[in-house]
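Heavy atoms only: backbone and side chains are in, while hydrogens, waters and symmetry mates are out.
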Amino acid sequence: NECTELASITFESNEGVYALETIGNSAFAKTSVQSVVIPYSVKSIGQRAFELCRSLTSVTFDDDGGAPRLESLGTYAFKNCEELTAFEIPMTVNSIGANPFLYDSKLVLTMNAANATFKMHNGMLYNNDLTILLVCPGYITGEVILASTCVEIKGEAFVGSQIESISMTQTGFTINDWAFNYCRSLTKVEIGNEVYVGKLAFRYCEALIDITIGENCTVNDQAFYHCT
């Protein structure tokens with residue numbers, strides 16, 4: 001942690017065979033690493049493993065010895081990697097923590113089409129049946145069109161994003177805590193009937209001027225805090 005001169009990482013193999021299975025919590029956080037090739041053998045990338053790697057531009061998976069085996073991607077694993085432009089979620093991933101790509105404003109997120117647990121729709125990451133939105137990558141701007149089946153937005157899914165408007169009009173929709181924190185370009189939000197709005201859900205959405213809220217909604221503490 002904070003090896004500020006560390007610019008490259010090489011994972012050694014034994015004649016092409018890797019034994020490494022885990023990249024631990026905060027393992028390379030706050031380093032100057034610019035690119036990383038993750039061995040196919042890695043099954044878990046821990047919480048904040050590459051957080052605040054502000055020079056990191058490329059993350060790929062070495063598949064020379066076999067297909068990537070990654071199963072778990074930890075909370076904030078690549079948070080504040082502002083120069084990271086692309087990441088492909090392997091087909092084997094079945095567990096993703098709270099937004100691993102928080103504040104990655106240039107990131108285009110993709111996923112192996114064979115993944116059976118998650119699904120991409122309009123550039124955003126959902127669960128497999130498109131009912132829960134998990135991550136809105138930082139590059140997405142303007143009006144957000146959710147999947148018609150979406151009924152829930154996970155906490156921190158949109159934090160720091162550049163979106164400008166969103167409609168969540170399905171009856172019984174759930175907006176979890178901190179879902180839209182620091183969306184400083186967000187100007188318009190439409191919320192339907194019987195919607196649950198979590199605490200601090202729209203905190204510091206300072207450009208927000210047009211809010212429509214339906215009937216019988218639950219709006220929790222400081223949901224629109226500092227929406228000046």
Practice prompt. Check Ile175, Ile166, Thr169 against Ile191 for a side-chain contact (heavy atoms from CB on, under 4.5 Å) and give me the one that passes.
Written response: Ile175
May I ask you to test the [X]-[Y] pair for a side-chain heavy-atom distance under 4.5 Å?
| X | Y | result |
| --- | --- | --- |
| Phe50 | Ile23 | yes |
| Val189 | Leu208 | yes |
| Tyr225 | Asn181 | no |
| Thr131 | Cys150 | no |
| Met124 | Pro137 | yes |
| Leu109 | Met120 | yes |
| Leu84 | Val59 | yes |
| Leu200 | Phe224 | no |

Worksheet item: Mind checking whether Phe180 and Phe158 have parallel, tilted or perpendicular rings, split at 30° and 60°?
Response: parallel
Closest contact, heavy atoms only, [X] versus [Y]:
| X | Y | result |
| --- | --- | --- |
| Ser161 | Cys183 | OG-SG, 3.5 Å |
| Glu82 | Ser105 | O-OG, 4.2 Å |
| Glu194 | Thr171 | OE1-CG2, 3.7 Å |
| Glu215 | Asn193 | N-OD1, 2.7 Å |
| Leu133 | Cys136 | CD2-N, 4.2 Å |
| Thr92 | Pro68 | OG1-O, 3.3 Å |

Just verifying a value: how many Å separate [X] [atom1] and [Y] [atom2], rounded to the nearest 0.5 Å?
| X | Y | atom1 | atom2 | value |
| --- | --- | --- | --- | --- |
| Thr174 | Lys154 | OG1 | NZ | 10.0 Å |
| Asp210 | Glu190 | CG | CD | 8.5 Å |
| Arg54 | Lys30 | CZ | NZ | 9.5 Å |
| Lys188 | Ile209 | NZ | CD1 | 10.0 Å |
| Asn128 | Asn94 | CG | CG | 12.0 Å |

Worksheet item: Tyr18 and Asp62: side chain to side chain donor-acceptor pair (under 3.5 Å), yes or no, with the steps?
Response: CA-CA 10 Å; Tyr18 291 97; Asp62 180 359; 2.9 Å; yes
Item to complete: Go through Leu70 and Tyr40 one step at a time and tell me if the side chain to side chain contact (heavy atoms under 4.5 Å, CB included) criterion holds.
Response: CA-CA 7 Å; Leu70 187 67; Tyr40 67 84; over 6 Å; no
Practice prompt. For side chain to side chain donor-acceptor pair (under 3.5 Å), just list the numbers for Tyr76 and Glu156, CA-CA rounded to whole Å, side-chain angles, deciding distance to a tenth of an Å, and then say yes or no.
Written response: CA-CA 10 Å; Tyr76 306 152; Glu156 302 183 279; 2.7 Å; yes
Worksheet item: Are Tyr182 and Glu206 close enough that a side-chain donor and a side-chain acceptor fall under 3.5 Å?
Response: no
Worksheet item: So, Asn220 versus Tyr196: side-chain donor-acceptor pair below 3.5 Å or not?
Response: yes
Worksheet entry | Worked check of side chain to side chain contact (heavy atoms under 4.5 Å, CB included) between Tyr126 and Leu146 | CA-CA 10 Å; Tyr126 289 79; Leu146 298 175; 3.8 Å; yes
Worksheet entry | Under 3.5 Å donor-acceptor, Asn25 side chain and Gln47 backbone | yes
Practice prompt. Under the side chain to side chain donor-acceptor pair (under 3.5 Å) rule, what do Glu51 and Asn80 come out as? Steps first, then yes or no, please.
Written response: CA-CA 6 Å; Glu51 181 183 15; Asn80 286 109; over 6 Å; no
Discussion item. Quick test of your reading: applying salt bridge (Lys or Arg N to Asp or Glu O under 4.0 Å), list the pairs with at least one residue in residues 104-120, sequence neighbours left out, ordered by first then second residue.
Written reply: Glu83-Lys106
Discussion item. Among Tyr103, Phe28, Phe87, which residue satisfies the ring pair (Phe, Tyr, Trp, His ring centres under 6.0 Å) criterion with Phe78?
Written reply: Phe87
